[in-house]
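Contents: one structure, followed by commentary.
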Amino acid sequence: WVVDRVDKNVAATSPQIIEAASYLKKGEVVAFPTETVYGLGANARSDDAVLKIYEAKGRPSDNPLIVHIADSKQLQEFVQEIPDYAQKLIEHFWPGPLTLVLPKKNGLSTYVTAGLETVAVRMPAHPVALALLKASQLPIAAPSANLSGKPSPTLAKHVEQDLKGRIAGIVDGGPTGVGVESTVVDCTEEIPVILRPGGVSKEEIEAIIGQVCYDQNILDESQKPKSPGMKYTHYAPDAPLTIVDGSPEFLQSFINREKRNGKRVGVLTTEENKDKYEADRIIICGKRSDLKTVAAHLYDALRKFNEEPLDVLFSESFPREGVGQAIMNRLLKAAGHKIVAQSRFE
Ligand code: TXA
Ligand code: MG
């Protein structure tokens, strides 16, 4: 077991990266930072290595993994054809937090794709991830490096909390940055479909290729999801969470009611509103005026609620624009879709 701290601008030839790459080449699993969240990497060509990922995470075997590459030429090895709009997305957003689902060839372990005819691929924008990909010379299958069901890790210590003793090591490159996972886009249809909102927004994608739509599942959670990972409960803190869409005063009224019943209450808020609540634990996850800061701290905030015993949790709501779409998607999962809107009380 090793935790290696590396400088963000580490080279592919540095000893720590070469060591981590040697574990990957030996078929071990290693956690590493990407610009979104920490990934749990393994050689995507090896059945044994990929199975270790599912085992370490306790991940259901029908939920496929994303393949990470350092050079778009590597796509030829395991992707059949790339539609024009996908090529444009690659040119514009790679390296970056955008994953493309494309028709696959047979170059990879079938466990990566969990039996599907498609493969999800992305080129991460983190210098440490790119250095590791270059040093290993491998396509790396990597889900988020958390135990299945927990919030994704945005700090090396989150990976340690979940996976210490279950994986070969962690390359610690500090906080990840974007904080929510990549946007997953299905590129097998004439019009691309967003299967998971993430670090690149629908608006940004539309500005490059025009029409794109959300999978029905994102709009209406009762539909059967196309991205297998979207059907599992995720991100939930130990205590039940409710999202409150309204003013801080409205949210405080919920806190007060719980407190009258002797409950210990936690609240997830923002810089702007932090002084407006009275609760047992107040966690600030960024600035409402800059939703990127909220995305960056969201998962750490959700993990912090488990640091002390709390009975009930409330969160502010966020506008579903830009990265706000990904923030609300993850918060709703963490809350098991419990949301109350002030407008329904007025
Ligand atoms: O930002 C990210 O994407 C991070 C970092 C580590 O790159 N990775 C990540 O992986 O979030 P994971 O495994 O936690 O999420 C992958 C998502 C899942 O929802 C999975 O179901 C979906 O991508 N997915 C993978 N392959 C797919 C495919 N062939 N078709 C549809 N969805 C797929
Ligand atoms: Mg995940």
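Owing to the predicted nature of the structure, the values given are computational and were not obtained by experimental measurement. Every number for a ligand or one of its atoms is a count from 1 in the order of the listing.
With a 6.0 Å radius and a threshold of 12 heavy atoms from other residues, nucleotides or ligands, E206 has its CD atom above the threshold. More than 12 heavy atoms of other residues, nucleotides or ligands lie within 6.0 Å of CG in N261, so this atom counts as buried by the packing criterion.
Residue contacts with ligand 1 leave out K104, since none of its heavy atoms falls under 4.0 Å from the ligand. Taking a 4.0 Å cut-off on heavy atoms, A142 registers as neighbouring ligand 1.
Here's the thing with K57: none of its N/O atoms is less than 3.5 angstrom from an N/O atom of ligand 1. Considering backbone and side-chain N/O of S182, one or more are found under 3.5 Å from N/O of ligand 1. Residue T118 has at least one nitrogen or oxygen atom sitting less than 3.5 Å from a nitrogen or oxygen atom of ligand 1, judged on distance alone. In terms of polar-atom proximity, defined here as any N/O pair under 3.5 Å, T36 does make such a contact with ligand 1. Annotation: R59 places an N or O atom under 3.5 Å from an N or O atom of ligand 1; distance criterion only.
Using a 4.5 Å heavy-atom cutoff, the side chains of S152 and Y38 are not in contact. With contacts defined as side-chain heavy-atom distances shorter than 4.5 Å, the pair V101/C187 does not qualify. Between V244 and F250, the closest side-chain pair of non-hydrogen atoms falls below 4.5 Å.
The residue from K304, H158, R330, K150 that alone fulfils the side-chain hydrogen bond (donor to acceptor under 3.5 Å, both in side chains) condition with Y299 is R330. Exactly one of T118, T113, T110 qualifies for a side-chain hydrogen bond (donor to acceptor under 3.5 Å, both in side chains) with K104. That residue is T113.
Under a 4.0 Å criterion applied to the non-hydrogen atoms of H68, ligand 1 contributes the atoms 5 (C), 6 (C), 7 (O). Proximity to G39 (heavy-atom distance under 4.0 Å) selects the following atoms of ligand 1: 6 (C). Interface of I66 with ligand 1, defined as ligand atoms under 4.0 Å from a residue heavy atom, comprises 3 (O), 8 (N), 9 (C), 10 (O), 16 (C). Interface atoms of ligand 1 facing S144, defined by a heavy-atom separation under 4.0 Å, are 8 (N), 9 (C), 10 (O), 12 (P), 14 (O). Of all atoms in ligand 1, listed by their number and element, those nearer than 4.0 Å to a heavy atom of N63 are 18 (C), 20 (C), 21 (O). Close contacts of ligand 1 with E181, meaning ligand atoms under 4.0 Å from a residue heavy atom, involve 1 (O), 2 (C), 11 (O). Listed by number with element, the atoms of ligand 1 under 4.0 Å from a non-hydrogen atom of L116 are 28 (C), 29 (N), 30 (N).
Salt bridge status for E308 with R281: present, with a side-chain N to carboxylate O gap under 4.0 Å. The pair D280-R264 fails the salt-bridge criterion, with no side-chain N (NZ, NE, NH1 or NH2) lying under 4.0 Å from an Asp/Glu carboxylate O.
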### Full working for side-chain hydrogen bond (donor to acceptor under 3.5 Å, both in side chains) between T270 and E316
CA-CA 8 Å; T270 44; E316 292 178 2; 3.0 Å; yes
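Put simply, S144 gets within reach of the Mg ion (ligand 2), with an N, O or S atom under 2.8 Å from it.
Distances from atom 31 (C) of ligand 1 to the heavy atoms of V184, L195, L100, V67 put L195 nearest.
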